[in-house]
Amino acid sequence: MNKKDQKITNKIEKPISAAEKKKMKRSHRFYMILTTVIIVAVVAICIFVYNLQGGLVKIDFDEYLELNQSESRKLIYVGDNGVVSQELTPVLTDLLRKSHKQAYFYTHKNLESDEQMKFVESNSVTSQDDGYILPFLIVVEDKKVVASYEGYLDQESLIEFLEEQGYY
């Protein structure tokens with residue numbers, strides 16, 4: 001027998017002591033508990049992320065123009081730094097999160113003249129002769145506005161609008 005075979009044989013023949021068995025049981029228990037903790041943590045994170053889904057996704061001007069040409073149904077919220085937008089934004093975000101729905105949020109800022117023209121021409125709400133009122137909500141489908149709401153919305157009216165459009 002060579003030395004390798006002898007070492008293997010020695011290891012196999014050596015009986016496990018009670019202390020070693022106890023140590024192995026502790027080690028096994030530790031890994032079981034650790035595995036359980038990891039699984040619980042992963043499940044908790046998944047639930048947390050699921051509850052955060054929905055809400056408002058901030059977009060820039062180019063994304064706003066692109067969404068106005070969307071074939072699929074999209075809810076777009078355009079706000080500014082005004083009082084009405086500041087009141088409406090958290091309420092809308094909360095309602096969308098509760099229903100696990102998503103809308104796109106564009107903050108109307110100081111636009112250059114060519115961007116302002118593109119904004120006005122972007123959809124039927126902003127291209128009206130009377131101008132447009134911020135904030136406004138539009139639902140775009142098949143490259144056109146199928147529903148809109150301009151100005152202040154109380155929570156009940158907002159819920160009603162979102163329900164009609166399938167977002168709540």
Side-chain angles (χ1 to χ4, degrees), residues 29-168:
R29 227 179 295 144
F30 172 76
Y31 287 115
M32 291 295 289
I33 290 170
L34 181 64
T35 303
T36 303
V37 168
I38 289 171
I39 290 171
V40 168
V42 168
V43 168
I45 289 169
C46 289
I47 290 170
F48 179 74
V49 168
Y50 176 76
N51 286 334
L52 285 181
Q53 287 179 342
L56 292 173
V57 177
K58 288 188 178 188
I59 57 173
D60 62 21
F61 183 66
D62 291 332
E63 291 170 317
Y64 168 79
L65 293 175
E66 187 178 312
L67 285 170
N68 272 278
Q69 297 301 311
S70 179
E71 293 285 335
S72 61
R73 191 173 188 86
K74 304 286 185 205
L75 177 64
I76 305 171
Y77 169 58
V78 178
D80 59 4
N81 293 331
V83 175
V84 176
S85 292
Q86 289 177 0
E87 290 177 3
L88 184 60
T89 303
V91 174
L92 179 60
T93 301
D94 186 48
L95 292 173
L96 290 168
R97 281 189 178 153
K98 284 180 183 175
S99 62
H100 301 289
K101 301 289 183 170
Q102 187 176 57
Y104 298 92
F105 176 47
Y106 173 66
T107 303
H108 189 276
K109 296 180 181 176
N110 297 331
L111 299 174
E112 296 175 11
S113 60
D114 62 327
E115 289 177 331
Q116 182 65 29
M117 288 306 297
K118 287 180 185 177
F119 181 80
V120 169
E121 295 168 353
S122 65
N123 60 58
S124 61
V125 173
T126 56
S127 63
Q128 297 171 355
D129 293 332
D130 299 334
Y132 53 90
I133 300 170
L134 293 174
F136 65 81
L137 283 161
I138 57 174
V139 178
V140 177
E141 188 172 31
D142 296 327
K143 298 183 180 185
K144 62 183 176 188
V145 174
V146 294
S148 66
Y149 200 98
E150 293 180 81
Y152 178 76
L153 272 170
D154 59 39
Q155 187 166 353
E156 292 79 29
S157 300
L158 181 58
I159 290 171
E160 186 178 311
F161 177 79
L162 293 174
E163 283 176 343
E164 288 173 4
Q165 303 310 316
Y167 282 92
Y168 190 73

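Everything numeric in this text was worked out from a predicted model, so none of it was measured.
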For the pair E150 (side chain) and F136 (backbone), establish whether a donor and an acceptor sit closer than 3.5 Å, ignoring hydrogens and angles. no
Check: Y64 and S122 side chains under 4.5 Å, non-hydrogen atoms: yes
Start with the C-alpha gap between Y31 and I33, add the side-chain angles, then the distance that decides, and say whether side-chain contact (heavy atoms from CB on, under 4.5 Å) holds. CA-CA 5 Å; Y31 287 115; I33 290 170; over 6 Å; no
Are the side chains of L158 and Y149 in contact, using a 4.5 Å heavy-atom criterion? no
From I138 atom CD1 to S124 atom OG, the distance as rounded to the nearest 0.5 Å: 7.5 Å
Nearest-0.5 Å distance that lies between atom CD in E71 and atom NZ in K144: 10.5 Å
Under 3.5 Å, side chain of S99 to main-chain N/O of L95, donor-acceptor pair present? yes
Take R73 and V139, measure what side-chain contact (heavy atoms from CB on, under 4.5 Å) needs, and give me the verdict at the end. CA-CA 7 Å; R73 191 173 188 86; V139 178; 3.6 Å; yes
Partners meeting side-chain contact (heavy atoms from CB on, under 4.5 Å) with Q69 (sequence neighbours left out): K143
Within the distance-only criterion (no hydrogens, no angle test), does the side chain of S157 pair as donor or acceptor with the backbone N or O of L153 below 3.5 angstrom? no
Contact check, side chains of Y132 and V120, non-hydrogen atoms, under 4.5 Å: yes
Could you tell me whether the side chain of V57 reaches within less than 4.5 Å of the side chain of F105, counting heavy atoms only? no
Are the side chains of Q165 and L75 in touch, meaning some heavy atoms are under 4.5 Å apart? no
Interatomic distance, L162 atom CG to Q155 atom CD [nearest 0.5 angstrom]: 10.0 Å
Heavy-atom side-chain contact between F119 and F61 under 4.5 Å: yes
Name every donor-acceptor pair, under 3.5 Å, that has one atom in a side chain of residues 80-92 and the other anywhere in the protein, sequence neighbours excluded.
{"residue": "D80", "atom": "OD1", "partner": "G82", "partner atom": "N", "Å": "3.0"}
{"residue": "D80", "atom": "OD1", "partner": "S85", "partner atom": "OG", "Å": "2.9"}
{"residue": "S85", "atom": "OG", "partner": "D80", "partner atom": "N", "Å": "3.1"}
{"residue": "Q86", "atom": "NE2", "partner": "N81", "partner atom": "O", "Å": "3.0"}
{"residue": "T89", "atom": "OG1", "partner": "Y77", "partner atom": "OH", "Å": "3.0"}
{"residue": "T89", "atom": "OG1", "partner": "S85", "partner atom": "O", "Å": "2.6"}

For the CD atom of Q102 and the CG atom of L96, what is their distance to the nearest 0.5 Å? 9.0 Å
Should V140 and N123 count as side-chain neighbours, where that means a heavy-atom distance under 4.5 Å? no
Run the side-chain contact (heavy atoms from CB on, under 4.5 Å) check on V78 and T107 step by step: do they pass? CA-CA 6 Å; V78 178; T107 303; over 6 Å; no
Pairwise distance CD(E156) to CZ(F161) - rounded to 0.5 angstrom: 16.0 Å
Does the side chain of Y104 reach to within under 4.5 Å of the side chain of K74, using non-hydrogen atoms? yes
Any chance you could measure E121, atom CD, to Q116, atom CD, to the nearest 0.5 Å? 10.5 Å
Does E163 have more than 12 heavy atoms from other residues, nucleotides or ligands lying within 6.0 Å of its CD? yes
